[in-house]
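Worksheet: one structure, shown below.
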Number of protein chains: 2
Amino acid sequence: MKKKTEINQQCSRCGVEYAFKRIGGKYKARIIWNLGNTELRFGELGRILPDVSTKMLTQALRELESDQLIIRKMYYEVPPKVEYSLTVTARQLIPFLEHLNDWGHTQIKNESIGKTNEGSSSN
Amino acid sequence: MKKKTEINQQCSRCGVEYAFKRIGGKYKARIIWNLGNTELRFGELGRILPDVSTKMLTQALRELESDQLIIRKMYYEVPPKVEYSLTVTARQLIPFLEHLNDWGHTQIKNESIGKTNEGSSSN
DNA sequence: CAGAATCCCCCACGATACTG
DNA sequence: CAGTATCGTGGGGGATTCTG
């Protein structure tokens with residue numbers, strides 16, 4: 001039984017912290033995002049994320065797998081073939097990532113028109 | 001059946017990547033989350049995030065500030081006082097973080113009852 | 001093709017001390 | 001109180017090579 005953590009934010013044990021431990025790596029969110037509705041092979045993922053070395057990609061995939069966020073389907077054939085897809089748990093994150101994606105695009109757009117917004121926190 | 005799409009996501013230049021560059025640090029999301037609807041002083045943030053050293057906290061705050069995600073309000077008095085709050089841009093992230101928070105809590109709960117879900121990716 | 005193994009460098013980050 | 005400055009270290013992560 002847990003110590004009571006009824007505070008939603010005040011705790012470092014908040015859901016956000018937990019979530020970021022699972023998808024907060026440098027590439028994990030992007031991996032999940034790209035796997036969104038597809039199965040992808042190792043090489044395909046690598047091509048989609050060119051800045052991720054195979055070592056890091058492997059590592060991230062392993063962690064996601066043992067975290068039960070992705071499924072690794074291996075085909076014993078020659079040449080080898082492995083397909084990655086999301087678990088249902090991970091899929092629950094897609095809406096979040098979608099919004100984040102929108103937010104990102106909006107920011108990019110605002111940047112490009114030199115819009116320096118902000119200033120008011122207007123409590 | 002996967003090859004199909006000129007998937008929108010294929011770009012590493014996607015919004016998710018961009019967004020994670022801004023809030024994807026190790027602590028940034030948690031900082032934003034905790035600032036959600038309040039102003040917090042430096043020390044308060046530090047206490048809320050005990051695992052974050054002052055150095056890292058300072059650094060993260062500086063980056064968030066120059067990224068125009070937080071506002072740093074300084075009071076020239078003795079002893080010094082600084083209050084941090086979110087910009088409106090950052091506030092747009094709160095709903096998503098809420099979603100993420102919920103997801104996290106759900107996962108924690110599922111873990112604690114030993115629920116090993118998953119298996120089907122069923123595209 | 002999908003990784004594992006190895007080598008190695010660099011800097012992210014903690015610890016500590018100091019300051020306005 | 002809210003930071004800066006400095007130092008030292010671990011390990012994150014790239015490049016390369018090898019294998020089933």
Side-chain angles (χ1 to χ4, degrees), chain A residues 10 12 17 20-32 34-35 38-87 121, chain B residues 1-3 10 12 17 20-32 34-35 38-67 69-87 121:
Chain A
Q10 306 306 41
S12 51
E17 183 192 15
F20 255 66
K21 280 186 182 157
R22 292 182 74 174
I23 66 157
K26 208 169 173 186
Y27 318 111
K28 289 184 180 177
R30 281 163 71 202
I31 292 175
I32 293 174
N34 280 286
L35 283 177
T38 347
E39 287 186 313
L40 289 176
R41 303 181 56 174
F42 184 83
E44 293 177 307
L45 267 172
R47 256 166 272 125
I48 293 172
L49 309 171
D51 57 322
V52 185
S53 66
T54 76
K55 181 184 177 181
M56 286 301 98
L57 186 55
T58 302
Q59 178 180 308
L61 288 170
R62 291 285 178 276
E63 291 179 12
L64 288 170
E65 189 194 1
S66 78
D67 262 352
Q68 299 176 27
L69 291 175
I70 61 171
I71 297 162
R72 183 187 133 107
K73 221 189 302 177
M74 195 159 178
Y75 300 88
Y76 290 92
E77 41 181 70
V78 170
K81 177 177 167 184
V82 177
E83 294 208 318
Y84 294 95
S85 56
L86 297 187
T87 63
S121 90
Chain B
M1 309 327 186
K2 64 246 165 103
K3 211 38 202 264
Q10 298 309 34
S12 51
E17 184 191 13
F20 254 66
K21 280 184 183 159
R22 293 183 73 174
I23 66 156
K26 207 168 174 187
Y27 318 112
K28 289 185 181 177
R30 280 163 71 202
I31 292 174
I32 292 175
N34 280 285
L35 282 177
T38 348
E39 286 186 312
L40 289 176
R41 303 181 56 172
F42 185 83
E44 293 178 307
L45 268 173
R47 257 166 272 126
I48 293 172
L49 309 170
D51 57 322
V52 185
S53 67
T54 75
K55 182 184 176 182
M56 286 301 98
L57 185 55
T58 302
Q59 178 180 308
L61 288 169
R62 292 285 178 276
E63 290 179 14
L64 287 170
E65 189 193 2
S66 78
D67 261 353
L69 290 176
I70 62 171
I71 297 162
R72 183 186 134 109
K73 223 189 300 178
M74 194 158 177
Y75 299 87
Y76 290 92
E77 40 181 70
V78 170
K81 177 178 167 185
V82 178
E83 294 209 318
Y84 294 95
S85 55
L86 297 187
T87 63
S121 92

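Proteins get letters first, then strands, A, B, ... in listed order; numbering begins at 1 in each.
Within the structure, a side-chain polar atom (N or O) of B/Arg72 is placed less than 4.0 Å from OP1 or OP2 of D/dG3. The shortest distance between the side-chain N/O atoms of B/Arg41 and the OP1/OP2 oxygens of D/dC1 is not below 4.0 Å. The side chain of A/Ser53 places an N or O atom within less than 4.0 Å of a non-bridging phosphate oxygen (OP1 or OP2) of D/dG14.
Applying the salt bridge (charged side-chain N to carboxylate O under 4.0 Å, His left out) test to A/Lys28 and every residue at least two apart in sequence or in another chain returns A/Glu63.
One atom, CD of A/Gln59, and another, P of D/dA15, lie 16 Å apart when rounded to the nearest Å. Atom P of nucleotide D/dG14 and atom CG of A/Leu57 are separated by 11 Å, given to the nearest angstrom. As a whole-Å value, the separation of A/Lys26 NZ from D/dG12 C1' is 9 Å. The separation between B/Leu40 atom CG and D/dG3 atom P is 13 Å, rounded to whole Å. Between the CE atom of B/Met74 and the P atom of D/dA2 there is a distance of 10 Å, rounded to whole Å. Following rounding to the nearest Å, B/Glu39 (CD) and D/dC1 (C1') show an atom-to-atom distance of 17 Å.
The residue among A/Pro80 and A/Lys55 whose nearest nucleotide of DNA chain D lies closer to the 5′ end is A/Lys55. Along DNA chain C, the nucleotide nearest to B/Pro79 and the one nearest to A/Thr58 differ in position, and the one closer to the 5' end is contacted by A/Thr58.
At least one donor-acceptor pair under 3.5 Å links the side chain of A/Arg22 to the backbone N or O of A/Asp67.
Tested against B/Tyr84, the residues B/Leu64, B/Leu40, B/Leu61 include a single side chain to side chain contact (heavy atoms under 4.5 Å, CB included) partner, B/Leu61.
Counting non-hydrogen atoms under 4.0 angstrom, B/Tyr27 reaches the backbone sugars and phosphates but no base. A/Tyr76 comes within 4.0 angstrom of no nucleic acid atom, judged by non-hydrogen atoms across all strands.
Considering only heavy atoms from C-beta on, A/Ile31 comes within 4.5 Å of A/Leu57 through its side chain.
One distance of note links CD of B/Glu83 with OG1 of B/Thr38; it measures 10.0 Å at 0.5 Å rounding.
Taking every nucleotide of DNA chain C with any atom under 4.0 Å from a non-hydrogen atom of chain B, the first and last of them, 5' to 3', are C/dC13 to C/dG20.
Listed here is the closest heavy atom pair of A/Ser85 and A/Glu39: CB-CG, 3.7 Å.
Ring planes of A/Phe20 and B/Phe20: parallel class, angle under 30° (limits at 30 and 60°).
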